Amino acid sequence: MMRYGTDHNLSGPAPVHASARRTGPFFGAIDLGTNNCRLMIAAGTPNGFRVVDSFNRSVRLGEGLRASGRLAEESMKRALDALRICAERMKQWPLVHVRAVATEACRQAANGREFLARVQHETGLTIDIITAREEAELALESCSPLFRQPEHEPVRADRGVLFDIGGGSTEVAWVRIDPERQTQTLIGTTSVPVGVITLQEMFGEGHGPSYEAMVSHVQDYLKGFETVHRIRREVTLGKTRLIGTSGTVTTLAGVALSLPRYNRAAIDGLTLPGPSMVDAIGSLRRMDRDELAEHPCVGTERMKFVLPGCAIFEAIHRLWPIEDVTIADRGLRDGMLLRMARDHGQRSGKGRSTTSRHATPRSRGPFGTYATI
């Protein structure tokens with residue numbers, strides 16, 4: 001049975017009318033990842049925010065990083081081109097707060113901070129390198145509504161596994177759920193130093209026997225987290241939810257639904273049976289490179305990385321075989337925007353006191369106020 005979750009705080013990009021520019025306040029969030037550069041601009045609402053503009057480009061910033069330990073010049077140029085577009089689009093809006101973060105590629109690269117200084121010089125954007133812990137916290141904040149208990153479910157989940165498959169790393173959060181208060185608390189997190197780019201560079205694109213080798217490689221990293229938290233034991237009690245947020249899980253959902261093209265509205269918040277996701281992986285594994293490139297939910301940009309992403313998902317699902325998987329088409333940008341909207345409401349006296357216990361100090365920058373780590 002397919003179940004559609006309710007999103008209380010988020011909406012997809014909407015057509016921008018002249019009247020939309022007169023409402024606000026407006027916030028901007030940039031997520032510079034190992035594989036993608038993403039921008040989201042949103043207007044604050046009483047319950048969160050409404051997206052008014054967004055941008056996403058594959059820049060493969062971490063390409064070759066595993067071998068060299070440095071960001072390659074071509075990769076940095078691709079990222080700079082995308083960030084210039086982000087900067088220009090943000091100038092079209094009267095933004096009161098901006099947050100821009102970088103993740104695993106810049107954390108690991110010897111020249112990561114040097115590159116971000118170059119970004120600031122050439123684009124005016126100040127980008128903070130965040131820790132893996134805050135990356136997990138932002139993902140949890142963005143996915144919080146998806147942990148809420150559907151009314152028709154008789155068993156009330158009190159634990160959750162949230163995972164985010166990135167280009168250079170995979171974040172996993174073990175979460176305590178309070179079904180009465182509808183709140184979530186991080187019990188523990190781990191950052192697996194393997195993402196779709198690193199796995200592809202290590203094992204290839206995942207065709208043939210290399211696929212199972214990728215699954216085993218990822219599971220080796222997860223075993224320590226399992227030993228500490230005994231998640232599998234909790235899973236056997238049937239009261240644990242599994243939520244995935246990444247291009248891999250949204251692609252798998254699109255394949256499972258046989259969508260003629262990707263549709264966020266049909267996927268974000270959707271809960272699918274685990275076997276449906278595994279069947280979708282089987283379908284993708286039977287395709288050759290040309291078929292993957294032509295698939296409407298994969299395409300040429302994701303062709304090399306889709307099976308490595310599937311291997312990471314299978315490693316997680318085999319270790320913690322939770323019956324259903326909830327799909328989240330949201331991530332760090334959404335978490336940042338929710339924090340900014342909440343904090344702005346607090347400062348202006350329009351919202352209740354809901355300061356995050358992970359709130360960070362703020363400084364002035366060329367694109368408004370941004371948080372610094």
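Since the structure is predicted, the reported quantities are computational estimates derived from the model, not experimental observations. The first residue in the sequence is number 1, and the count goes up from there.
- The side-chain heavy atoms of R60 and F305, taken from C-beta on, include a pair separated by under 4.5 Å.
- Taking each heavy atom of R232 and P321 in turn, the nearest pair found is NH1-CD, 3.5 Å.
- Around atom CZ of R118, more than 12 heavy atoms belonging to other residues, nucleotides or ligands sit under 6.0 Å away.
- When ring centroids are compared, H317 and F313 come within the 6.0 Å threshold.
- With contacts defined as side-chain heavy-atom distances shorter than 4.5 Å, the pair V161/I322 qualifies.
- Using a 4.0 Å cut-off between a side-chain N of Lys or Arg and a carboxylate O of Asp or Glu, E137 and R133 qualify as a salt bridge.
- Looking at V325 and I327, their side chains come closer than 4.5 Å, going by heavy atoms from C-beta outward.
- You'll find the side chain of F147 reaches within 4.5 Å of the side chain of L140, heavy atoms only.
- Across every non-hydrogen atom of A253 and M277, the tightest pair is N-SD, 4.4 Å.
- A salt bridge links E135 with R107: the distance from a Lys NZ or Arg NE/NH1/NH2 to an Asp or Glu carboxylate oxygen falls below 4.0 Å.
- The pair R289-E294 does not count as a salt bridge, with every side-chain nitrogen at least 4.0 angstrom from each carboxylate oxygen.
- Salt-bridge check for R318 with E212: passed, with a basic side-chain N closer than 4.0 Å to an acidic carboxylate O.
- For E323, the CD atom sits in a loose shell: 12 or fewer heavy atoms of surrounding residues, nucleotides or ligands are nearer than 6.0 Å.
- Between L65 and E201, the closest heavy-atom pair is N-OE1, 4.4 Å.
- For the residue pair L338 and G48, the shortest heavy atom distance occurs at CD2-CA, 4.2 Å.
- Side-chain atoms of Q184 and S144 form a donor-acceptor pair, as typed in the model, at a separation below 3.5 Å.
- R339 has a carboxylate O that lies under 4.0 Å from a charged side-chain N of E141, or vice versa, which qualifies the two as a salt bridge.
- Residue K304 holds its NZ atom at 5.0 Å from CD of Q200, rounded to the nearest 0.5 Å.
- The minimum heavy-atom distance linking L125 with L83 is given by the pair CD1-O, 3.6 Å.
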- Would you please test W174 and L162 for side-chain contact (heavy atoms from CB on, under 4.5 Å) and show each step? CA-CA 7 Å; W174 179 227; L162 171 65; over 6 Å; no
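- In plain terms, the two heavy atoms of T240 and A157 that are nearest each other are N-CB, 4.5 Å.
- With hydrogens and angles left out, the side-chain atoms of W320 and E234 include no donor and acceptor closer than 3.5 Å.
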- Task: Report the C-alpha distance between R156 and E180 in whole Å, list the side-chain angles of each, state the deciding distance to 0.1 Å, and finish with yes or no for side-chain contact (heavy atoms from CB on, under 4.5 Å).
- Result: CA-CA 9 Å; R156 301 182 74 80; E180 298 300 327; 3.9 Å; yes
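- For R99 and E134, the salt-bridge test passes: some basic side-chain N is under 4.0 Å from an acidic carboxylate O.
- Taking 4.5 Å as the limit, some side-chain heavy atom of E226 sits within range of a side-chain heavy atom of L319.
- Annotation: side chain of R176 is not in contact with side chain of D158 (no heavy-atom distance under 4.5 Å).
- The aromatic rings of H97 and H344 stand perpendicular to each other, their planes meeting at an angle above 60°, with 30° marking the opposite boundary.
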Please list, one pair per line, the donor and acceptor atoms closer than 3.5 Å that link side chains of residues 24-44 to other protein atoms, with sequence neighbours excluded.
residue	atom	partner	partner atom	Å
T34	OG1	A105	N	3.2
T34	OG1	G168	N	3.4

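- Ionic pairing of D81 and R78 is not present here: no N-O contact between side-chain nitrogen and carboxylate oxygen is shorter than 4.0 angstrom.
- Between Y221 and H217, the ring planes are perpendicular. Angles over 60° get that label, and only those under 30° would be called parallel.
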